[in-house]
Amino acid sequence: MESGPAIFAGAAFALFGAGLLLWTGVRVRHRAPVAHGVSPSTAIALTTSAGVVCLALGTWCFGRL
């Protein structure tokens, strides 16, 4: 019974983290701003770390099954 919410949360975290990392990579490759009003290095660092944290949370949720 408890595996349903863990699968949903793991999938949500993993999809969001992967999407965020993909989006950040495309923006950096095209030399487009990642976040307006923020220095590029800070925006890249924060979005990359948020994406990695979300992927780690997704992996943790799947590991709890």
Side-chain angles (χ1 to χ4, degrees):
M1 274 305 208
E2 295 178 6
S3 63
I7 292 170
F8 177 76
F13 278 125
L15 286 174
F16 180 75
L20 186 60
L21 288 174
L22 178 68
W23 179 81
T24 303
V26 169
R27 299 292 287 183
V28 168
R29 185 179 312 141
H30 290 136
R31 297 189 187 271
V34 176
H36 294 288
V38 181
S39 70
S41 59
T42 303
I44 292 167
L46 289 177
T47 56
T48 301
S49 61
V52 169
V53 166
C54 284
L55 280 176
L57 283 172
T59 303
W60 180 78
C61 287
F62 286 133
R64 302 286 294 173
L65 295 176

Counting distance only, does the side-chain N/O of [X] pair as donor-acceptor with the main-chain N or O of [Y] below 3.5 Å?
X   : Y   : answer
T47 : I44 : yes
T42 : V38 : no
R27 : P33 : yes

Please indicate whether F16 has more than 12 foreign heavy atoms, meaning atoms of other residues, nucleotides or ligands, lying under 6.0 Å from its CZ.
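No.
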For the residue pair [X] and [Y], what are the closest heavy atoms and their distance?
X   : Y   : value
L55 : A14 : CD2-O, 3.5 Å
T24 : T48 : CG2-OG1, 4.0 Å
G17 : C54 : CA-CB, 3.7 Å
A6  : C61 : O-CB, 3.8 Å
V34 : A43 : CB-CB, 4.0 Å

Distance, nearest 0.5 Å, that separates CG of L15 from CG of L22
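Between atom CG of L15 and atom CG of L22 there are 12.0 Å.
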Find out whether F13 and V53 are in side-chain contact, i.e. whether some heavy atom of one side chain is under 4.5 Å from a heavy atom of the other.
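F13 does not reach V53 side chain to side chain.
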Using the rule that Ile, Leu, Val, Met, Phe, Trp and Tyr join whenever any side-chain heavy atoms are under 4.5 Å apart, tell me whether L21 and V28 fall into a single cluster.
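No, L21 and V28 fall in different hydrophobic clusters.
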